[in-house]
Amino acid sequence: MAIVLQALPCLARAPLRPLLPGRPMVRLASGMALAEQAQHLFESTVGAVLPGPMLHRALSLDPSSGLLKVRDRSFQLRQNLYLVGFGKAVLGMAAAAEELLGQHLVQGVISVPKGIRAAMERAGKQEMLLKPHSRVQVFEGAEDNLPDRDALRAALAIRQLAEGLTADDLLLVLISGGGSALLPAPIPPVTLEEKQTLTKLLAARGANIQELNTIRKALSQLKGGGLAQAAYPAQVVSLILSDVVGDPVEVIASGPTVASVHNVQDCLHILNHYGLRAALPRSVKTVLARADSDPHGPHTCGHVLNVIIGSNTLALAEAQRQAEALGYRAVVLSAAIQGDVKSVARFYGLLAQVAGAQLTLPGTRASVEEDEQLRELAAELQLPDLQLKEALETVAGARGPVCLLAGGEPTVQLQGSGKGGRNQELALRVGAELGQRPLGSVDVLFLSGGTDGQDGPTEAAGAWVVPELASQAATEGLDVATFLSHNDSHTFFRCFRGGAHLLHTGLTGTNVMDVHFLFLRLR
Ligand SMILES: Nc1ncnc2c1ncn2[C@@H]1O[C@H](COP(=O)(O)OP(=O)(O)OP(=O)(O)O)[C@@H](O)[C@H]1O
Ligand SMILES: O=C(O)[C@H](O)CO
């Protein structure tokens, strides 16, 4: 009830505004320029990881010989090239691929998010669109990142194309995050609805993407190497834009061109862990039991070349370069932020406090206690590539504004029926953390944004916060803790200051996980 009452005052507000240069400024307690810069950095970071340039870095064609080079491998083209693709970034990848391949491309089918072509047109991103007489057929589906009938139709068209290939053919597979939902082909008798319910339940209970996709693979005709097997004996080259920490090709979009190494026991273990084994539909039990006794074993993928063409690491490297151009000392902390969103938020709160103390008085510690808590939490979160020591040393020597950059994908265990996403929930939690910590005379701003432009089932990409957030919200009658208890971060940010803290880019046409920016500046 509290949520309903709190949401009322903002119902009459205007719809969210896109981030446009020159829009009216929002008055903030702690420096508008910082907020403007943070949003600018987010947008330009996303702009640096658009699919076309990343594809061009991996692929080249010698027009005279018809030799296609993929990194250090070459393939002879002679009217034998086909293309399929699925994922949030695949429209732009396909447009770039068709432009490069020209007449060599015989036919293609791609499965991309609902509304992406209209969004790219509206944004004037012509380079992300296929040309009018394209040989690539486009299916749009998987609204809100959930597999649906449209995506199923696309998956069947992709399977049909793959199955028609011969040993003389080459299949180029374009893969990016969101591909799992865009390529659903459940093994009968499992239905689309049953698969959708199971994946939704697993995600809501906090299953990570590795666990989720292990289950998806076991129930799918095309995931876990199934697509590569359908295309056999054609050669297969997969160009993959990674949206998973560590870039594991078998996990991204559930590895349709990578042999699955999981067995039924792994699936049962995951289903048990999330309390879902007892309630499994009969069809799922049937498919798992069948897989257990499958004499053919996992798909073999010796005819496949899988190549990662872009990732979160690339986005962070760009963000670092651009933050430095804006006058910040910038350090990349990690491209592998994972773990429960509450712990990740606490990590950033502690980091702001410890780094803020370093910035104010280099060489001092916030307090031995906070310092230790930060290190303990970092160890608990098990972030393999964390550069904490280096980051704090940089802050201590900075003598000016600092920007700490990270990327990854924390997980949210849904408890409420509110509307939100990973990034907005993280930002709101970090805002609450910052408000409770002594930060001295340091301006702090934290931003969390999904590079795909859509955070969970919301129309925002993420949000930014300052330490004053909770107290400012209270003056508008908004209680941060109540919104958080219902996972209602999006409703909060829509209400708070008329949505001014939301990142609102629209679908970006790329997808390399989330980015987190922590800005610190002496007042
Ligand atoms: N109300 C909510 N509050 C916070 N997080 C939510 C909420 N509803 C959904 N989520 C989270 O949003 C995530 C799904 O978001 P999204 O569709 O952006 O996924 P994604 O990981 O970006 O997709 P993909 O990896 O397939 O590209 C899930 O992790 C889910 O827990
Ligand atoms: O599609 C998926 O499975 C996720 O985005 C991870 O790649």
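When a ligand or atom number is given, it counts from 1 through the structure's own listing order. Worth saying up front: this structure is predicted, and the values here are computed from it rather than measured.
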>> Checking contacts here: is it the side chain or the backbone of I209 that comes within 4.0 Å of ligand 2, counting heavy atoms only? Could be both or neither.
In response: side chain
> What is the closest protein heavy atom to atom 18 (O) of ligand 1, and at what distance does it sit?
Replying inline: G456 N, 3.0 Å
> With atoms numbered from 1 as shown, which atoms in ligand 1 lie under 4.0 angstrom from a non-hydrogen atom of G418?
Replying inline: 1 (N)
> How many angstroms lie between atom CZ of F483 and atom CD of E425, to the nearest 0.5 angstrom?
Replying inline: 13.0 Å
>> Below 4.0 Å, non-hydrogen atoms only: which portion of D243 touches ligand 2? Side chain, backbone, both or neither.
In response: side chain
>> Could you measure the distance from the CZ atom of R153 to the CD1 atom of I158? Nearest 0.5 Å is fine.
In response: 13.5 Å
> What atoms of ligand 1 come closer than 4.0 angstrom to any heavy atom of K419?
Replying inline: 1 (N)
> Is the closest N or O pair between S176 and ligand 2 shorter than 3.5 Å?
Replying inline: no
> Where's the contact between R422 and ligand 1, heavy-atom distance under 4.0 Å: side chain, backbone, both or neither?
Replying inline: both
> Any N/O of V251 closer than 3.5 Å to an N/O of ligand 2?
Replying inline: no
> Has ligand 2 got any nitrogen or oxygen that is less than 3.5 angstrom from a nitrogen or oxygen of G179?
Replying inline: yes
> Which atoms of ligand 1 have any heavy atom of V412 under 4.0 Å away?
Replying inline: 4 (C), 5 (N), 31 (O)
> Is there a side chain to side chain contact (heavy atoms under 4.5 Å, CB included) between T451 and T508 once you walk through the steps?
Replying inline: CA-CA 7 Å; T451 55; T508 59; 5.5 Å; no
>> As an exercise, identify every atom of ligand 1 less than 4.0 angstrom from a heavy atom of G178.
In response: 24 (P), 26 (O), 27 (O)
>> Give the atom numbers and elements of ligand 2 that come within less than 4.0 Å of a heavy atom of V244.
In response: 6 (C), 7 (O)
> For ligand 1, which atoms, with element, lie under 4.0 Å from some heavy atom of Q454?
Replying inline: 18 (O)
>> Heavy atoms only, cut-off 4.0 Å: how does L414 contact ligand 1, side chain, backbone, both, or neither?
In response: side chain
> So W464 and H501, would you call those rings parallel, tilted or perpendicular, with 30° and 60° as cut-offs?
Replying inline: parallel
> Taking heavy atoms and a distance under 4.0 Å, where does H490 meet ligand 1: side chain, backbone, both or neither?
Replying inline: neither
>> Quick check on contacts: which atoms of ligand 2 are under 4.0 angstrom from a heavy atom of I252?
In response: 7 (O)
> Would you say H504's side chain and E459's backbone share a donor-acceptor pair under 3.5 angstrom?
Replying inline: yes
> Would you say G421 contacts ligand 1, with heavy atoms under 4.0 Å as the rule?
Replying inline: yes
>> Polar contacts were defined as any N/O atom of the residue lying under 3.5 Å from an N/O atom of the ligand; does this apply to G420 and ligand 1?
In response: yes
> Does R422 offer a backbone N or O that forms a donor-acceptor pair with the side chain of D455 under 3.5 Å?
Replying inline: yes
>> Taking distance alone, with N or O pairs closer than 3.5 Å, would you say G178 contacts ligand 2?
In response: yes
> To the nearest 0.1 Å, how far is atom 27 (O) of ligand 1 from its closest protein heavy atom, and which atom is that?
Replying inline: K88 NZ, 3.0 Å
>> Below 4.0 Å from ligand 1: does a non-hydrogen atom of M513 turn up there or not?
In response: no
> Do ligand 1 and D243 have nitrogen or oxygen atoms that lie under 3.5 Å from each other?
Replying inline: yes
> Do T458 and Q424 pass the side chain to side chain donor-acceptor pair (under 3.5 Å) test, and can you show the C-alpha distance, the side-chain angles, and the key distance before you say yes or no?
Replying inline: CA-CA 10 Å; T458 79; Q424 291 160 83; 3.1 Å; yes
> Just heavy atoms, cut-off under 4.0 Å: does N145 contact ligand 1 by side chain, backbone, both, or neither?
Replying inline: side chain
> NZ of K285 to CG of L288: how many Å apart, nearest 0.5 Å?
Replying inline: 10.0 Å
>> Whether the side chain of K125 engages the backbone of A119 through a donor-acceptor N/O pair (distance < 3.5 Å, no angle test) should be reported.
In response: no
>> Strictly distance-based, threshold 3.5 Å: is any side-chain N or O of N487 a donor or acceptor partner for the main-chain N or O of G416?
In response: yes
> Taking the six-membered ring for Trp, are F519 and F517 parallel (under 30°), tilted (30 to 60°) or perpendicular (over 60°)?
Replying inline: perpendicular
>> Any heavy atom of P457 closer to ligand 1 than 4.0 angstrom?
In response: yes
>> So, regarding N511 and ligand 1 (criterion: nitrogen or oxygen to nitrogen or oxygen, under 3.5 Å), is there a contact or not?
In response: yes
> Is there at least one protein heavy-atom neighbour under 4.0 Å from atom 6 (C) of ligand 1?
Replying inline: yes
>> Check for me whether R216 has a heavy atom closer than 4.0 Å to any atom of ligand 2.
In response: yes
>> Working note: N306 + T257, criterion side chain to side chain donor-acceptor pair (under 3.5 Å); need CA distance, chi angles, decisive distance, verdict.
In response: CA-CA 7 Å; N306 286 300; T257 56; 2.7 Å; yes
> So which protein heavy atom does atom 3 (O) of ligand 2 come closest to, and at what separation?
Replying inline: S180 OG, 2.5 Å
>> Once you restrict to heavy atoms under 4.0 Å, what part of D488 touches ligand 1? Side chain, backbone, both or neither.
In response: neither
> Taking both backbone and side-chain atoms of D455, is any N or O found less than 3.5 Å from an N or O belonging to ligand 1?
Replying inline: no
>> Suppose I only count heavy atoms of E425 and a 4.0 Å limit; which atoms of ligand 1 are within that range?
In response: 3 (N), 4 (C)
> Under 3.5 Å, N or O to N or O, is N511 touching ligand 2 that way?
Replying inline: no
>> Could you measure the distance from the CD atom of Q235 to the CG atom of L171? Nearest 0.5 Å is fine.
In response: 11.0 Å
>> List ligand 1 atoms under 4.0 Å from D452, heavy atoms only on the residue side.
In response: 22 (O)
> Any donor-acceptor pair under 3.5 Å linking the side chain of D452 with the backbone of N511?
Replying inline: no
